[in-house]
Every structure is written in C-alpha cells, then in structure tokens.
Protein chains: 2
Amino acid sequence: MIDEQTARERVVSAADRLFYARGVQAVGMDAVRSESGVSLKRIYALFPSKEDLIVAVLRHRTDRWNAGVTDAVDGAGTPRERLLAVFDFLAGWFREDDFRGCAFINVFGELGGGSDRIAEAVREQKESFRRQVADLVRAAGGPGHLAPQLVLLAEGAQTAAAISRDPDMAGHARAAADTLIRCALDDAGEPAAAA
Amino acid sequence: MIDEQTARERVVSAADRLFYARGVQAVGMDAVRSESGVSLKRIYALFPSKEDLIVAVLRHRTDRWNAGVTDAVDGAGTPRERLLAVFDFLAGWFREDDFRGCAFINVFGELGGGSDRIAEAVREQKESFRRQVADLVRAAGGPGHLAPQLVLLAEGAQTAAAISRDPDMAGHARAAADTLIRCALDDAGEPAAAA
DNA sequence: TTGCAAAGAGAACCAACGTTCTCTACTGTA
DNA sequence: TACAGTAGAGAACGTTGGTTCTCTTTGCAA
C-alpha cells in the first residue's frame with residue numbers, strides 16, 4: 001500500500017492531466033481513479049468532494065506555474081531580459097503538444113460562477129502572477145503601471161494561442177511587451193535616449 | 001402561436017442569458033424552456049440538439065459583439081481615436097452588472113476541447129474581431145504587426161476583468177494600446193516626432 | 001357539431017456521474 | 001490456523017439532464 005502523501009500526489013497529478021485535457025465536468029471521478037490507480041474510497045478519504053480535488057489541483061498548478069516562471073526568469077540576465085523571459089516561457093509552453101490554454105481561465109469559465117472556492121483559487125493564481133511581474137518591473141526600474149499592462153498581454157496570449165492554435169501569439173505578446181518596456185523605461189529613466 | 005422566427009429568437013436569447021450567467025453545462029434544456037416560454041418539443045424542432053443551440057447562441061453573440069464594436073468605433077473621430085474606442089467599449093461592458101467575462105472564452109474553456117463545431121464558432125468570432133482591429137489599424141496607417149498586439153490586450157483585459165472583478169482592466173489595456181499605437185505610428189509615419 | 005392536425009405540458013426514458021456501500025482479499029498477530 | 005482490521009474493486013443509490021413520447025388542449029375547416 002502506498003503512503004498517504006504518494007496517493008495524494010498521484011490523484012492530484014492524474015486529475016490535473018485529465019481536467020486540463022478534457023475539462024473538469026467532462027471527467028468523472030471514475031476516470032480519476034483509473035488514471036491514478038487509487039481507489040475511489042481512498043480518493044474520497046483524501047478529498048471529501050470533487051470540489052476539494054479541483055481546488056487541490058488548482059493549487060498544485062499554481063505552484064508549478066510559479067516555479068516555471070521563476071526558472072525561466074532566473075535564466076535571463078538584465079532586468080529587461082528577465083521581464084521578456086516571461087514571454088519566452090509562454091512561447092515554449094504554447095508549443096507543447098497538449099497545450100490547451102490556461103487551466104485557470106478554463107476552469108473559471110466552466111465553474112467560477114458556481115463555486116466561490118474555485119473562483120478564489122483561480123484569483124489567487126492570477127494575483128500571484130501579477131505580483132511576480134510587478135516585482136520584475138520594480139527590479140527593472142519601471143513604473144507601476146507597466147506591470148498590469150504586461151500581465152494583460154500574457155493573459156491575452158494564453159487565450160488567443162489556445163483558441164487560434166497559433167503558438168506565435170507569444171511572439172506578438174513579446175514584441176508588444178518589448179515596446180511597452182522600452183517606452184516605460186525610456187520615459188522614466190534616461191530621458192529620450194533611444195528613438 | 002408565435003411564428004418560427006420569433007420562437008427562434010426567444011430561445012436563442014434566453015439560452016444566451018442563461019449560458020452566460022451560469023455556464024453552458026450548468027443549464028438544462030428545461031431551464032431554457034421556462035426562460036424562453038417555448039416548449040421543449042418546439043425547441044427540439046428548431047435546434048436538433050443542445051450543441052446546435054449552443055452554436056446558434058455563439059453566432060448570435062458574434063453578431064451582437066460586432067455591432068457593438070462597430071457602434072463604438074463609429075462614434076469616434078480620428079483613426080487613432082477609433083482604435084482606442086474599442087477599449088472604451090470594453091470599459092463600458094466590464095461595468096455592466098452581469099459581466100462575467102468573454103462568453104466565447106468561457107465556452108471554449110468548457111467545451112472547446114470536446115466539440116469541433118463549438119470550437120469553430122468561437123474561432124470565427126475571434127477571427128472576425130481580429131479583422132475588425134486590423135481594418136482599423138490599416139485605416140490609421142499602422143503597421144500590420146500592431147493589430148494582433150492590440151487584440152491580445154483586449155483579450156487579456158476581458159479575462160483579467162472577469163477573474164479579478166476589476167473593471168479598470170480596460171483602462172490598463174487602453175493605456176497600453178495608446179503606447180503601442182503611438183510607437184507604431186511614430187516609427188512608421190513621422191520619424192521621431194513626439195517623445 | 002364533428003373531426004383533424006398541430007402544439008404544449010410534462011412524464012418517461014436512458015445514460016452519466018458524484019458519492020456511498022458491500023463484499024472479498026490480504027496483512028499482521030497470537 | 002484463526003482472527004481482526006483495513007483496503008480495493010466495483011456494485012448500488014440517488015440525482016440530473018438530454019431527448020423522446022404521450023396525452024390533452026386548441027384552433028380551424030366542413
């Protein structure tokens with residue numbers, strides 16, 4: 001018998017895979033059982049309801065997302081490059097075979113109106129991303145209003161890439177971000193340096 | 001007895017209201033019946049399946065969206081103002097009481113992976129919006145790459161506004177769009193006019 | 001008035017799903 | 001070997017929802 005921690009991880013990661021690929025409501029708990037190899041009885045001992053499982057999946061995905069962004073950013077040099085690295089991270093993600101848009105946006109559209117706990121978990125992820133970007137902007141010496149603008153580009157790229165199936169949306173977002181960053185930094189820091 | 005056209009309109013507009021407010025899968029055909037006042041038998045004569053009804057609702061919403069954008073744009077003067085009017089249109093929408101994000105993005109997250117026809121209807125709306133913006137950019141003398149950048153801002157604003165419940169996302173998007181437009185027009189048209 | 005065709009109300013049907021329950025198999029212990 | 005307790009497999013339960021069917025009503029023509 002596997003221990004509780006292992007069982008929990010297997011269930012969450014199986015559910016994450018299935019929910020992301022097919023949507024939450026389209027996946028029955030029975031599918032989570034066969035994908036995870038953990039019995040229904042055990043699943044319900046770990047997560048009292050499907051809603052609890054969904055929230056756990058969202059939190060797990062938030063952690064993975066934060067780590068992914070942090071990794072990508074840490075590989076870049078200057079503060080400006082670190083900001084743009086966020087969009088390179090998106091570009092790599094959009095090219096993955098199983099890319100199906102932002103899981104948080106998808107779940108919010110599906111269930112956000114009906115479950116406060118789920119809506120809250122989605123909000124937390126978006127808020128933590130906003131903070132990450134705001135920290136990067138601050139480190140680059142950019143003005144406060146730059147962060148939400150870059151966040152909007154990233155959000156838009158995720159939905160547009162999912163719907164259009166065009167992974168180059170990340171390129172468009174990156175180019176726009178580059179322009180916004182240049183304008184903001186040049187206006188604030190060195191007055192009228194580059195064109 | 002109401003005529004076919006009227007019945008169709010009542011069903012589509014009732015379904016639209018319910019789907020948008022609660023999500024598609026959360027709304028049963030019985031709810032559509034009571035909201036529209038059209039019998040189930042008649043509904044199924046007009047729309048052979050729920051999927052057909054969903055597609056009809058999406059097309060109807062596409063028409064309304066296009067008309068709304070066109071109206072907003074037509075009220076503006078210069079080509080540059082006409083581009084920004086798109087974001088003013090968003091700002092008004094985000095402030096509506098029943099705003100719950102972009103219906104197309106919501107439906108795509110919920111069912112886009114499982115139904116090609118629904119995914120296609122969503123794609124058509126996004127593509128028609130992209131064309132609208134591209135036309136405005138061209139009229140303003142902007143470069144081709146500006147349109148997808150503005151579209152990403154609009155898309156991002158819609159999801160961010162829905163999730164964060166902060167209607168000022170439209171303001172952020174508008175400010176970013178203003179910067180992008182200024183940079184693009186100044187780079188292309190008059191070389192280095194404004195800072 | 002009688003008969004008929006169409007339409008509405010809502011029951012019925014069937015499948016899916018979240019959740020719980022039962023029965024069996026297995027583990028460790030005396 | 002006998003036993004107690006636990007866990008898994010999967011059946012069972014109750015609800016919901018998409019779709020169809022039935023029965024009654026209605027409006028109209030002769």
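This is a predicted model, so every value here is computed, not measured. In what follows, every heavy atom counts, from backbone to side chain, and hydrogens, waters and symmetry copies are set aside. Residue numbering restarts at 1 for every chain, and letters A, B, ... go by the order of the sequence lines.
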- Canonical and wobble pairing (Watson-Crick, G-U, under 3.5 Å) of DNA chain D, dot-bracket with |: ||||||||||||||||||||||||||||||
Euclidean distance, atom [atom1] of residue [X] to atom [atom2] of [N] [Å, nearest integer]:
{"X": "B/I43", "N": "C/dG10", "atom1": "CD1", "atom2": "C1'", "result": "13 Å"}
{"X": "A/E51", "N": "C/dC17", "atom1": "CD", "atom2": "C1'", "result": "16 Å"}
{"X": "B/K50", "N": "C/dC14", "atom1": "NZ", "atom2": "P", "result": "21 Å"}
{"X": "A/Q25", "N": "D/dG17", "atom1": "CD", "atom2": "C1'", "result": "12 Å"}
{"X": "B/D30", "N": "D/dT15", "atom1": "CG", "atom2": "P", "result": "17 Å"}
{"X": "B/L18", "N": "D/dG17", "atom1": "CG", "atom2": "P", "result": "12 Å"}
{"X": "B/M29", "N": "D/dT16", "atom1": "CE", "atom2": "C1'", "result": "15 Å"}
{"X": "B/Y44", "N": "D/dT20", "atom1": "OH", "atom2": "P", "result": "7 Å"}

- Axial cation check for A/Y20 ring with A/R61, 6.0 Å and 45° limits: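 That pair qualifies as a cation-pi contact.
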- Task: State yes or no: do A/W65 and A/V57 share one hydrophobic cluster built from I, L, V, M, F, W and Y residues joined by side-chain heavy-atom distances below 4.5 Å, directly or via other members?
- Result: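 Shared cluster, no.
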- Query: Is the backbone of A/A21 close enough, under 3.5 Å, to the side chain of A/R100 for a donor and an acceptor to pair up by distance?
  - Reply: yes
- Message: With heavy-atom distances below 4.5 Å as the criterion, would you say the side chains of B/E124 and B/T62 are in contact?
- Response: no
- Message: When you compare the side chain of B/V107 with that of B/F19, does any pair of heavy atoms fall below 4.5 Å?
- Response: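 Side chain of B/F19 against side chain of B/V107, heavy atoms only: no contact under 4.5 Å found.
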- State plainly whether the residues B/D178 and B/R182 are in salt-bridge range, i.e. N to O under 4.0 Å. yes
- In terms of side-chain geometry, is the basic nitrogen of A/E127 or A/R130 positioned less than 4.0 Å from the acidic oxygen of its partner?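 Between A/R130 and A/E127 there is a salt bridge, with a charged N closer than 4.0 Å to a carboxylate O.
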- Query: Counting only heavy atoms not in A/E4, do more than 12 sit closer than 6.0 Å to its CD atom?
  - Reply: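 It does not: A/E4 CD has 12 such atoms or fewer within range.
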- Message: Within the supplied structure, the quantity of interest is the number of heavy atoms (other residues, nucleotides, ligands) at a distance under 6.0 Å from B/D116 CG; does it exceed 12?
- Response: no
Might you list the N or O atoms of the protein lying below 3.5 Å from N or O atoms in nucleotides 24-27 of chain D, with each pair's distance?
none

- What pair of heavy atoms forms the shortest contact from A/K50 to A/Q25, and how long is it?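 In terms of heavy atoms, the two residues are closest at NZ-CA, 4.2 Å.
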- B/F99 vs B/F94 aromatic rings, parallel, tilted or perpendicular, using cut-offs 30° and 60°?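 Plane angle between 30° and 60°, so tilted.
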Can you pull every protein N or O that's under 3.5 Å from an N or O on nucleotides 5-9 of chain D?
from: D/dG8; atom 1: OP2; to: A/S39; atom 2: OG; distance (Å): 3.3
from: D/dG8; atom 1: O6; to: A/K41; atom 2: NZ; distance (Å): 3.1

- Task: Would you indicate what B/V32 reaches in the nucleic acid, counting non-hydrogen atoms under 4.0 angstrom: base, sugar-phosphate, or nothing?
- Result: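 Result for B/V32 = nothing.
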